[in-house]
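Single-structure report; data block below.
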Amino acid sequence: MGTTLNQSKQTFRAIGLVNELNLEREDCEIKVKDKDGNESTIDGERIRGKVAININGDIKIFNVFVNSKTSKGEDSKQWKNAEKMLELNPEIGGDSSKEPSLVSITGRVDENTYPTDDGVKTTLRWSVNRISTSRVSDEDEHGCTLSGVFYIKAIRAEEKNEEETGRLLVTLCAVGYGASPIVIETIVQEDLAEAFNDMYEVGQTAQFDVDVVTEHIGKKTTGKKAFGDSGKIKSAGFDREILVIVGGDEPIEEPEEEDEDGNIIDNGWIDPKAMKMALKERDIKIEEIKKNGKTTTTKSAKTTSIKEKKCMGAKKIESPIPDDEDDGTDPFNDDEDF
């Protein structure tokens with residue numbers, strides 16, 4: 001295969017209670033292209049903002065941006081779902097006489113790079129594809145899991161105070177629109193570190209399941225003092241969100257199988273040479289942002305369904321990988337599937 005990058009398959013699924021809504025519905029102009037590639041604008045509507053979800057007491061923010069029309073000028077199949085988001089009942093600012101909405105959210109991660117006073121910061125943007133109230137029940141475990149095909153950029157031992165903790169720090173890369181890398185920093189816990197090192201190495205491609213976990217940093221004050229009592233103001237540390245690899249498949253080999261026309265069949269393998277080139281281009285863009293103060297968002301890839309036997313661990317949230325386009329059904333209607 002040539003040194004090219006195809007969009008990689010990745011999606012997240014989260015289950016929890018709607019904590020707060022910050023969504024706006026507004027009129028807008030939507031850019032469209034005709035079949036010859038000519039650009040113009042049409043009148044439409046947009047729903048955008050953020051949805052905060054309470055996942056086992058931790059609050060996670062998800063981004064929403066949906067236009068009523070597609071880039072082809074057609075009615076968006078996601079619009080009906082976006083309108084239903086406005087009807088969700090949040091814990092904060094909602095109807096206190098009713099239970100807050102229990103939802104299942106699916107979407108993709110994007111890379112968001114922006115200038116700061118100290119230089120440039122790159123974060124993951126958790127972009128919503130769909131929200132459902134019918135495809136979730138009170139018995140479902142709450143959590144958030146990112147699943148997809150990733151390139152392994154780096155594996156290194158975690159150190160604290162110049163001592164190894166037993167955990168691994170693993171840098172994964174997805175491929176977004178325009179062959180842009182999406183860099184994702186993850187952790188492998190100590191009990192899986194040896195198995196991970198035995199199975200994977202830098203430069204390989206594999207399907208991984210990654211859980212979103214809240215980790216406490218700093219000491220927690222417990223127990224009695226040897227003399228007197230604790231001070232009134234305690235240094236309790238802080239919580240941070242980390243991404244933990246909980247399962248993975250065997251590495252994906254470079255494809256050799258051809259279709260009937262003689263074309264190599266794409267099996268998800270990410271070409272290391274192409275990825276290294278794309279990462280260099282990413283570094284150049286980041287330096288440009290440092291210099292010019294411009295903001296850029298990298299969109300993530302289209303995704304299709306994946307279901308394979310796991311080689312290590314088991315993920316928390318079973319995540320169907322949705323198509324980029326909605327199928328037109330209403331996930332808020334119990335009589336309809338999606």
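- None of Glu190, Glu158, Glu159 except one satisfies the side chain to side chain donor-acceptor pair (under 3.5 Å) rule with Arg167; the exception is Glu158.
- A donor atom on one side chain and an acceptor atom on the other are not found under 3.5 Å apart for Ser127 and Asn63.
- Using modelled atom types, one side-chain atom of Ser68 and one backbone atom of Glu45 make a donor-acceptor pair closer than 3.5 Å.
- For the atom pair CZ (Arg240) and CD1 (Ile217), the distance works out to 4.0 Å, reported to the nearest 0.5 Å.
- Using modelled atom types, no side-chain atom of Asp261 and backbone atom of Asn263 make a donor-acceptor pair closer than 3.5 Å.
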side-chain contact (heavy atoms from CB on, under 4.5 Å) between Leu172 and Ile152, intermediate numbers included: CA-CA 5 Å; Leu172 301 177; Ile152 303 173; 4.1 Å; yes
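- Side-chain atoms of Ser76 and Thr70 form no donor-acceptor pair, as typed in the model, at a separation below 3.5 Å.
- Salt-bridge formation is not detected for the pair Glu288/Lys291: no Lys NZ or Arg NE/NH1/NH2 atom is positioned less than 4.0 Å from an Asp or Glu carboxylate oxygen.
- No continuous path of hydrophobic side-chain contacts links Trp79 to Val32 [ILVMFWY only; heavy atoms under 4.5 Å].
- Surrounding CD of Glu194 are at most 12 heavy atoms belonging to other residues, nucleotides or ligands under 6.0 Å away.
- Val128 places none of its side-chain heavy atoms less than 4.5 Å from the side chain of Val51.
- No donor-acceptor pair under 3.5 Å is formed between the side chain of Thr205 and the backbone N or O of Ile252.
- No donor-acceptor distance shorter than 3.5 angstrom exists from the side chain of Asp95 to the backbone of Asn89, with no hydrogens or angles considered.
- A donor-acceptor pair under 3.5 Å links the side-chain atoms of Asp34 to the main chain of Asp36, judged by distance alone.
- By the criterion of side-chain heavy atoms lying less than 4.5 angstrom apart, applied directly or through intervening Ile, Leu, Val, Met, Phe, Trp or Tyr residues, Val18 is grouped together with Leu86 in one hydrophobic cluster.
- Under a 3.5 Å cut-off, the side chain of Asp140 and the backbone N or O of Ser137 do form a donor-acceptor pair.
- Summarising the geometry, atom CD1 belonging to Ile289 is positioned 7.0 Å from atom OG1 belonging to Thr122; distances are rounded to the nearest 0.5 Å.
- Ion pairing of Arg25 with Glu83 is present here, as a side-chain N (NZ or NE/NH1/NH2) and a carboxylate O approach within less than 4.0 Å.
- A distance-only check finds a donor-acceptor pair linking the side chain of Asn81 to the backbone of Ile131 [under 3.5 Å].
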Evaluate the side-chain contact (heavy atoms from CB on, under 4.5 Å) criterion for residues Val212 and Trp126: first the C-alpha distance (whole Å), next the side-chain angles of each, then the deciding distance (0.1 Å), finally the verdict. CA-CA 12 Å; Val212 178; Trp126 298 75; 3.6 Å; yes
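- One hydrophobic cluster, built from ILVMFWY side chains closer than 4.5 Å, holds both Val202 and Tyr200.
- Between the side chain of Asn56 and the backbone N or O of Gly143, no donor-acceptor pair lies under 3.5 Å.
- With hydrogens and angles disregarded, no donor-acceptor distance shorter than 3.5 Å links the side chain of Asn161 to the backbone of Glu163.
- Note on Val183: it clusters hydrophobically with Leu5, by side-chain heavy-atom contacts below 4.5 Å among ILVMFWY residues.
- For the ring pair (Phe, Tyr, Trp, His ring centres under 6.0 Å) condition, the pairs that include at least one residue of residues 27-73, sequence neighbours left out, are Phe12-Phe62.
- Between Ile15 and Leu102 there is a side-chain heavy-atom pair separated by less than 4.5 Å.
- Atom CZ of Arg125 sits about 10.0 Å away from atom OG1 of Thr113, to the nearest 0.5 Å.
- Using a cut-off of 4.0 Å between Lys/Arg side-chain N and Asp/Glu carboxylate O, Arg156 and Glu185 are scored as salt-bridged.
- Linking ILVMFWY side-chain heavy atoms closer than 4.5 Å, directly or via other members, places Ile30 and Val64 in two distinct hydrophobic clusters.
- Formation of a donor-acceptor pair under 3.5 Å by the Glu91 side chain with backbone atoms of Leu17 is not found in this model.
- Under the 3.5 Å distance criterion, with hydrogens and angles disregarded, a donor-acceptor pair is assigned to the side chains of Ser104 and Arg13.
- Under the 4.5 Å side-chain criterion, counting only non-hydrogen atoms from C-beta, Gln207 is in contact with Ser147.
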